[in-house]
Amino acid sequence: MALEAAFAKMNGLGNAIIVADMRGRADRVSPEAARALNADPATRFDQIMAIHDPRVAGTHNYIEILNSDGSQAQACGNGTRCVVQALAAETGQKVFTFQTVAGILNAEEHEDGLISVDMGKPRFGWQDIPLAEEFRDTRMIELQVGPIDAPVLHSPSVASMGNPHAIFWVEGDVSDYDLPRFGPLLENHPIFPERANISIAQVTADDALTLRTWERGAGLTRACGSAACAAAVSAARTGRTGRHVTVTVPGGPLDILWREDDHVIMTGPAEWEFSGRFDPASGAWERETEGAA
Ligand SMILES: N[C@H](CCC[C@H](N)C(=O)O)C(=O)O
């Protein structure tokens, strides 16, 4: 078993991320390796961001994103900030262009250490999310949990940030809702043929939201950047807020700007925890030993 590939355990506002260095290699991080790394409390993660060699001209790297259940994700805002911080520390470069399955992403580290990611344009068509049946207006779709005459959560907005999101609006505190119970039911609801990331949002001002997210393939997380973007654009298009908001997730605040050119810019921090080496086939790993030099 060869612990050939380097990795860094990082987080973006508590969204647990493994940045895996797969540059110069033809293989990929296997779903089995992902599940093994997630089963170990020391390397438990929400997403693996696997950095590969570039596949198209004009990009720095190809990034593959894996959820902790081994499935693939099309977008991960918090993880992208972690990738930028790791590569900026290594190269001194500040501006990056990445390719993912969902398209091209631009990102930049600022002087103060915060990182902005251009998450691209949101999509609202029912086939884009995707939904299993036609809804002309995705600002509010028919979907509810709880008793039929007194639903606990109902009428979410849906949006794609490259990945599928549903946002349930609530009046009270987002932590009053049993998301560990409702999350899995909604994530796997037949209306979402590719499953969905499920969030509960409370609007607290015309430029502020509080958000909790149950992530597709990862469960309850302390932060989900793409959900923060999906919630921000959905809040703006339903008239709940303006286009520049602070989205406070359990891990802290993210700044989300829905620009006039339709791009969504997410700004927030990233944090390094420790580095190690791992086997991309099995997930076996060891901590990088310090002080050898
Ligand atoms: N944590 C990520 C999103 C993960 C989404 C993933 N759970 C999926 O779409 O399957 C973020 O910061 O955007």
Side-chain angles (χ1 to χ4, degrees), residues 12-16 38 45-47 65-79 102 119 122-124 126 128-133 135 138-148 151-203 209-235 237-238 240 247-251 254 256 264 266:
L13 284 184
N15 201 186
N38 188 53
F45 67 91
D46 299 315
Q47 273 80 41
I65 308 169
L66 287 97
N67 286 317
S68 49
D69 70 357
S71 66
Q72 251 200 337
Q74 299 91 344
C76 178
N78 292 323
M119 300 284 288
R123 284 177 300 153
F124 303 114
W126 68 274
D128 299 328
I129 311 274
L131 302 177
E133 59 186 83
F135 278 93
T138 52
R139 285 177 297 189
M140 182 175 127
I141 68 161
E142 212 174 294
L143 176 64
Q144 63 176 54
V145 287
I148 196 127
V152 180
L153 296 169
H154 65 94
S155 314
S157 300
V158 291
S160 169
M161 288 306 310
N163 56 350
H165 289 275
I167 318 294
F168 289 86
W169 305 103
V170 298
E171 299 288 330
D173 196 323
V174 293
S175 54
D176 288 348
Y177 293 82
D178 194 356
L179 198 49
R181 179 159 155 238
F182 298 127
L185 299 174
L186 292 162
E187 173 192 359
N188 294 295
H189 191 283
I191 192 71
F192 302 119
E194 294 177 13
R195 303 189 287 157
N197 296 286
I198 306 297
S199 295
I200 301 179
Q202 181 196 15
V203 177
L209 301 176
T210 306
L211 192 74
R212 259 178 105 207
T213 302
W214 174 270
E215 285 192 16
R216 172 180 71 166
L220 208 58
T221 59
R222 294 190 43 77
C224 178
S226 52
C229 296
V233 297
S234 297
R237 83 191 272 260
T238 54
R240 290 178 163 91
V247 179
T248 302
V249 300
L254 281 168
I256 312 290
V264 182
M266 176 201 62

Residues that Q144 engages under side-chain hydrogen bond (donor to acceptor under 3.5 Å, both in side chains), provided they are two or more places apart
none
Residues two or more places apart in sequence or in another chain: which of them pass side-chain contact (heavy atoms from CB on, under 4.5 Å) with V145?
L153, F182, L186
Keeping to residues at least two apart or across chains, list the salt bridge (Lys or Arg N to Asp or Glu O under 4.0 Å) pairs with something in residues 174-185.
none
The criterion is side-chain hydrogen bond (donor to acceptor under 3.5 Å, both in side chains); which residues satisfy it with R212, sequence neighbours excluded?
none
Could you check V247, L209, V233 and say which one makes a side-chain contact (heavy atoms from CB on, under 4.5 Å) with I256?
V247
Find the distance between CG (N78) and OG1 (T221) and round it off to the nearest 0.5 Å.
8.0 Å
What pair of heavy atoms forms the shortest contact from G225 to L254, and how long is it?
CA-CD1, 4.1 Å
When rounded to the nearest 0.5 Å, the distance separating SG of C224 from CG of L211 is 8.0 Å
Which atom pair, heavy atoms only, marks the closest approach of I129 to S160?
CD1-N, 3.9 Å
Smallest heavy-atom separation, A230 atom then M161 atom, equals N-CG, 3.8 Å
As an exercise, state the distance from CG of L143 to NE2 of H154, rounded to the nearest 0.5 Å.
11.0 Å
side-chain contact (heavy atoms from CB on, under 4.5 Å) against R222, all qualifying residues, sequence neighbours excluded:
P250
Would you name the heavy atoms of F124 and T138 that are closest together and state the gap between them?
O-OG1, 2.7 Å
Please list, chain by chain and in numerical order, all residues satisfying side-chain hydrogen bond (donor to acceptor under 3.5 Å, both in side chains) with N67, sequence neighbours excluded.
Q47, S71
Sequence neighbours excluded, the answer for side-chain contact (heavy atoms from CB on, under 4.5 Å) partners of P184 is W214
Minimum heavy-atom separation for L220 and P180, please, with both atom names.
CD2-CG, 3.9 Å
Considering only distance and modelled atom types, tabulate donor-acceptor pairs under 3.5 Å from the side chains of residues 163-174, sequence neighbours left out.
unit_1 : atom_1 : unit_2 : atom_2 : d
N163   : OD1    : H165   : NE2    : 3.0
N163   : ND2    : A75    : O      : 3.4
N163   : ND2    : S226   : OG     : 3.2
H165   : NE2    : S226   : OG     : 3.2
W169   : NE1    : S157   : OG     : 2.9
D173   : OD1    : S175   : N      : 2.9
D173   : OD1    : S175   : OG     : 2.7

Atom of A102, atom of G162 and distance for their closest heavy-atom approach:
CB-CA, 4.2 Å
For R240, is the CZ atom crowded, meaning more than 12 foreign heavy atoms sit under 6.0 Å from it?
yes
Could you tell me whether the side chain of V249 reaches within less than 4.5 Å of the side chain of T213, counting heavy atoms only?
no
Interatomic distance, L66 atom CG to C76 atom SG [nearest 0.5 angstrom]
11.0 Å
What residues form a side-chain contact (heavy atoms from CB on, under 4.5 Å) with E142, not counting sequence neighbours?
F135
So, do N15 and E215 sit near enough that their side-chain heavy atoms are less than 4.5 Å apart?
yes
Apply salt bridge (charged side-chain N to carboxylate O under 4.0 Å, His left out) to R195 and list each qualifying residue two or more places apart in sequence or on a separate chain.
D69, E187
Could you work out, with side-chain hydrogen bond (donor to acceptor under 3.5 Å, both in side chains) as the rule, every residue matching E194, not counting sequence neighbours?
none
